[in-house]
Amino acid sequence: MKNIVIASDHAGYEMKEHVISYLLQEGYEVKDLGPPNADRVDYPDYGISLAKSISEGTFKRGVVICGTGIGMSIVVNRFPGIRGTLCSDLYTAKLCREHNDSNILVMGGRVIGFGLAQEILKTWLTTPFEGGRHQHRLDKINVIDQTKPMAK
Ligand code: RB5
């Protein structure tokens with residue numbers, strides 16, 4: 001998995017640029033869905049486009065950043081197949097992969113610094129899903145996608 005999609009709003013723009021530099025340096029191919037600068041935008045516009053790109057199968061994993069990470073979390077988790085996880089520490093970055101098979105890392109650009117964000121990203125990118133009993137639990141979440149009308 002060396003292909004990552006990324007987006008932010010204005011409050012996450014600076015961190016997005018930092019994350020992109022790190023990913024490129026590590027040999028990832030990065031699709032930047034914007035915004036192209038720190039002018040004020042609405043986070044749902046960017047969260048929706050990133051969540052769709054994963055929900056529809058164009059990308060497997062993505063990173064999305066707003067001021068707190070909360071708005072983006074609310075948006076992305078409305079889409080089928082999305083397991084967006086807001087992380088501000090290394091423990092949740094590791095566990096959201098091992099237990100929840102997180103496919104979108106959400107971070108708050110106004111909550112954590114670039115150094116911690118980079119370590120969280122590194123952990124999230126390299127930690128595998130454990131499967132087993134955790135897959136059984138994800139299967140129960142997947143039933144919701146099949147039975148409840150969701151965003152398209
Ligand atoms: C933008 O001011 C801010 O509301 C947004 O980045 C995000 O934190 C929303 O949840």
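Just follow the structure's listing: the first ligand is 1, and inside any ligand the first atom is 1.
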Kindly determine whether H18 and Q118 satisfy side chain to side chain donor-acceptor pair (under 3.5 Å), including the steps that lead there. CA-CA 8 Å; H18 182 87; Q118 189 170 303; 3.1 Å; yes
Tell me whether atom 10 (O) of ligand 1 lies less than 4.0 Å from at least one protein heavy-atom position. yes
Quick one: look up the protein heavy atom nearest atom 8 (O) of ligand 1 and list residue, atom name and how far away it is. T68 N, 2.9 Å
Calculate, to the nearest 0.5 Å, the distance between atoms CD1 and SG belonging to I120 and C96 respectively. 9.5 Å
Are S102 and T85 linked by a side-chain donor-acceptor pair shorter than 3.5 Å? yes
N or O pair under 3.5 Å between G69 and ligand 1: no
Quick one: nearest non-hydrogen protein atom to atom 5 (C) of ligand 1, plus distance? D9 OD2, 3.2 Å
D39 side, atom CG; H10 side, atom NE2 - distance, nearest 0.5 Å: 10.0 Å
Per-atom filter on ligand 1: closer than 4.0 angstrom to a heavy atom of G67 are 5 (C), 6 (O), 7 (C), 8 (O)
Distance to 0.1 Å, residue and atom name: give those for the protein heavy atom nearest to atom 2 (O) of ligand 1. R110 NH1, 3.4 Å
Atom 1 (C) of ligand 1 sits nearest the protein heavy atom H10 NE2, 3.7 Å
Distance alone, cut at 3.5 Å: any donor-acceptor contact between the side chains of D139 and Q135? yes
A11 and ligand 1 - part of the residue with a heavy-atom distance under 4.0 Å: side chain
Nearest 0.5 Å please: distance from the CD1 atom of I82 over to the CD1 atom of I141. 12.5 Å
